[in-house]
Amino acid sequence: MGDPPGRPYIRIIIMAKKGITPRGEDYSQWYLDIINQAQLADYAPVRGCMVIRPNGYAIWEAIQRELDRRFKDTGHVNAYFPLFIPESFMKKEAEHVEGFAPECAVVTEGGGSKLEEKLYVRPTSETIMYAMYSKWIKSWRDLPLLINQWANIVRWEMRTRLFLRTLEFLWQEGHTAHATAEEAEEEALMILDLYAEFSENVLALSVVKGPKSDAEKFPGALVTYAIEAMMQDKKALQAGTSHNLSDHFAKVFDVQYQDREEKLQYVHQTSWGVSTRLIGAVIMAHSDDDGLVLPPKVAARQVVIVPIWKSDKEKTAVCVAGSELERDLRKAGIRVYLDDRDQYRPGFKFNQHEVEGVPMRVEIGPKDLEKKSVALKRRDGGDKIFVPMDEAVGKIKEQLDTMQRDMLARSKKFREDNTKDIDGYDAFREFIGSDSGWASSHWCGGADCETKVKDETKATIRVIPFKETDTGKCIICGKDSPKRVIFAKAY
RNA sequence: CGGGGCGUAGCGCAGCCUGGCUAGCGCGUCUGGUUUGGGUCCAGAAGGUCGUGGGUUCGAAUCCCGCCGCCCCGACCA
């Protein structure tokens, strides 16, 4: 990998601690160091592909668990569609093919001979799913159809980055069909809210909701809604999207139903997804120079108990106390691990669990036994606190809840503090050019103005916040603007 | 695809400029002992087609040419 230019000496000294480059020195190296040190992922033998290691996959499992429950609660069911999509399917919807063709992997051979029709490895599953929907949907009684699938997909990206952009990634894609345009719009917005609620309450990631500009919308959609989050380097990261597809795909895949008046109607559809990119978002939003910091709700291990001893007699005593606490915590529904490995010293364990982002550490040593107390340390900062042994479970639970809330509050404050109303194009260029955060600025809605900003500053319109209401003048062309939009550099 | 960097033990690197005899170092791993409230210490051990193909040379990790791969930055994108 090599040293970055300049200051090699300083880097060695700073890095000596845990092999993590400080954020302030090199943000993207810091991100990679966290992933490496916390053993979240590793590079695969194929360019642009990654192996998600157990520590990283556990985060994905938590995301799946939380989201899947929410999908089921709102009436959706899971299914699985094929990885391969016939070329002809991909080419049916004009915008869709134009948007995805350049980044598709295509299979031309199978079983030793050339295929009659090429097979696309799915970059998303609209086409193959809707070909099936066409068979399944005949009557208004078949609607709405609310299907989700957990799958892997492939997009042949030029430049990749662990979790944020890899050739293959894991995601969920929901695909629904409705009788009316209103119902489809309602579904798209309901899912957007679901994503936002999940993002804030589970990932502790504050987000801004709203539609995308036409330039940023999904190929084939009528409108794309998104939730956008701010990373610690003040760049934006799209954390989830929900599309109202209108009847665009229904028309090309002939998804029609007979309504109550016996008339044939096209369905109105939505699709929506979040991916393993969210793991990257969690890492970048919360972690620090000492390693990974995870919100308790996505941590595989929420609490680690580290017993401390000198003699064998002490060892027995603290381990008994430790396993009793472990049992009680587990009974209280907390994911806990008693780290009684005797080949490592406590200091080593402290560091390891900090690097790996375990939200809370509990220390039990001879002094604690004497005082009938335990020491608690939150991963997101603060001093060690001592609590009576018989109150430990309640206190730990309370601390984890507080930590979850504090992390969201910090995420929200950071985003708000670094989002500024910017008026005037000179001020805007200065603001974006100095990587100062998100610019909330007026935009007339014109594609030309949007393109100009992108070409000249690298910033794009991330989202058109629902919240904004005040009118003004477009910072680029000076024409009337209906509302402020968020401009930012993005991942 | 453009710019930059790198490829030597599981990982991180030195050695290359100025060719030479047995290719080193740190971490990790293994064995034994010692330690345990913030990354213990000591002793010993295992582990390498120097990315790959060719060339120059008495001799190549080192010089020359080709190829492959990976990482970082940019254009494209969840």
Side-chain angles (χ1 to χ4, degrees), chain A residues 1-5 8 11-12 15-19 26-29 31-33 36-37 39 42-49 99-104 123-124 153-173 212 215-219 224 226-229 236-243 271-281 290-291 306-312 314-315 318 339-355 361-369 374-375 377 384 386 454-455 458 460 462 490-491:
Chain A
M1 224 162 274
D3 282 318
R11 179 161 181 239
I12 288 159
M15 294 242 336
K17 199 183 171 197
K18 290 174 184 173
D26 184 342
Y27 189 81
S28 72
Q29 189 57 49
Y31 173 73
L32 295 169
D33 288 345
N36 190 31
Q37 293 294 318
Q39 302 190 354
D42 204 349
Y43 294 103
V46 179
R47 178 197 79 86
C49 293
F100 281 108
E103 51 180 305
C104 283
T124 178
I153 62 176
V154 169
R155 295 183 187 176
W156 214 265
E157 302 292 347
M158 293 291 182
R159 211 181 123 210
T160 58
R161 218 157 163 17
L162 292 177
F163 288 116
L164 300 179
R165 184 165 297 103
T166 47
L167 297 197
E168 179 190 2
F169 60 94
L170 305 181
W171 78 346
Q172 63 59 220
E173 47 182 326
K212 288 277 186 180
E216 300 281 330
K217 82 176 166 62
F218 177 76
T224 289
I227 51 170
E228 239 14 78
L237 187 139
Q238 181 173 299
T241 50
S242 179
H243 317 289
S271 69
W272 27 274
V274 302
S275 72
T276 37
R277 155 177 262 213
L278 285 178
I279 299 171
D290 292 329
V306 180
I308 294 150
W309 66 83
K310 281 198 177 75
S311 65
D312 279 353
E314 282 175 352
K315 180 182 172 183
V318 293
D339 189 355
D340 57 2
R341 297 176 297 174
D342 62 4
Q343 62 271 43
Y344 297 106
R345 293 178 63 171
F348 180 91
K349 296 176 183 178
F350 296 170
N351 277 284
Q352 182 179 4
H353 297 119
E354 267 167 26
V355 166
R361 179 176 79 229
V362 180
E363 300 171 26
I364 304 180
K367 287 180 232 162
D368 300 298
L369 289 187
V374 295
K377 177 84 171 70
K384 239 190 249 189
F386 296 87
K454 189 177 179 182
D455 291 346
K458 311 269 185 244
T460 50
R462 299 319 306 158
Y491 278 101

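Reckoned from all heavy atoms, side chains included, excluding hydrogens, waters and symmetry mates. Just so it is clear: chains get the letters A, B, ... in the order the sequence lines come, proteins before strands, and each one is counted from 1.
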message: Between A:Glu363 and A:Phe350, is the side-chain contact (heavy atoms from CB on, under 4.5 Å) condition met? List the steps.
response: CA-CA 10 Å; A:Glu363 300 171 26; A:Phe350 296 170; 3.5 Å; yes

If [N] has a Watson-Crick or G-U wobble mate with both distances under 3.5 Å, name it; if not, just say none.
N      : result
B:rA23 : none
B:rG59 : none
B:rU52 : B:rG66
B:rG28 : none
B:rC76 : none
B:rG38 : none

message: Working note: A:Thr241 + A:Phe218, criterion side-chain contact (heavy atoms from CB on, under 4.5 Å); need CA distance, chi angles, decisive distance, verdict.
response: CA-CA 9 Å; A:Thr241 50; A:Phe218 177 76; over 6 Å; no

Tell me the interatomic distance from [X], atom [atom1], to [N], atom [atom2], rounded to whole angstroms.
X        : N      : atom1 : atom2 : answer
A:Leu167 : B:rC71 : CG    : C1'   : 15 Å
A:Asp339 : B:rU36 : CG    : P     : 17 Å
A:Asp342 : B:rG33 : CG    : P     : 13 Å
A:Gln37  : B:rG28 : CD    : P     : 13 Å
A:Tyr344 : B:rG37 : OH    : C1'   : 20 Å
A:Gln238 : B:rC76 : CD    : P     : 15 Å

query: Do the side chain of A:Lys349 and the main chain of A:Asp339 share a donor and acceptor less than 3.5 angstrom apart?
result: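 Confirmed, A:Lys349 side chain pairs with A:Asp339 backbone.
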
field: Residues A:Lys212, A:Glu228: salt bridge by 4.0 Å N-O rule
entry: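 Result for this pair is yes, salt bridge flagged.
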
[X] vs [N]: side-chain N/O to OP1/OP2 distance below 4.0 Å:
X        : N      : answer
A:Arg345 : B:rG37 : yes
A:Lys458 : B:rA75 : yes
A:Thr124 : B:rA78 : no

Roughly how far apart, to the nearest Å, are [N] and [M] at atom [atom1]?
N      : M      : atom1 : value
B:rC73 : B:rU35 : C1'   : 47 Å
B:rC11 : B:rC70 : P     : 16 Å
B:rG74 : B:rG12 : C1'   : 28 Å
B:rG10 : B:rG54 : P     : 24 Å
B:rC64 : B:rA78 : P     : 44 Å
B:rA14 : B:rA9  : P     : 12 Å

Hey, does [X] reach any base, or is it just sugar-phosphate, or nothing, if we go heavy atoms under 4.0 Å?
X        : value
A:Pro102 : nothing
A:Glu157 : base
A:Arg341 : nothing
A:Ile153 : nothing

message: Return the CD to OG1 distance between A:Glu168 and A:Thr276, rounded to the nearest 0.5 Å.
response: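 With rounding to 0.5 Å, CD (A:Glu168) is 9.0 Å from OG1 (A:Thr276).
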
message: Parallel, tilted or perpendicular, judged at 30° and 60°: which one describes the rings of A:Phe169 and A:Trp171?
response: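 Because their plane-to-plane angle is over 60°, the rings of A:Phe169 and A:Trp171 count as perpendicular.
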
field: Donor-acceptor pair (no angle test) under 3.5 Å: A:Glu354 side chain, B:rG38 base
entry: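 Side chain to base: pair present.
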
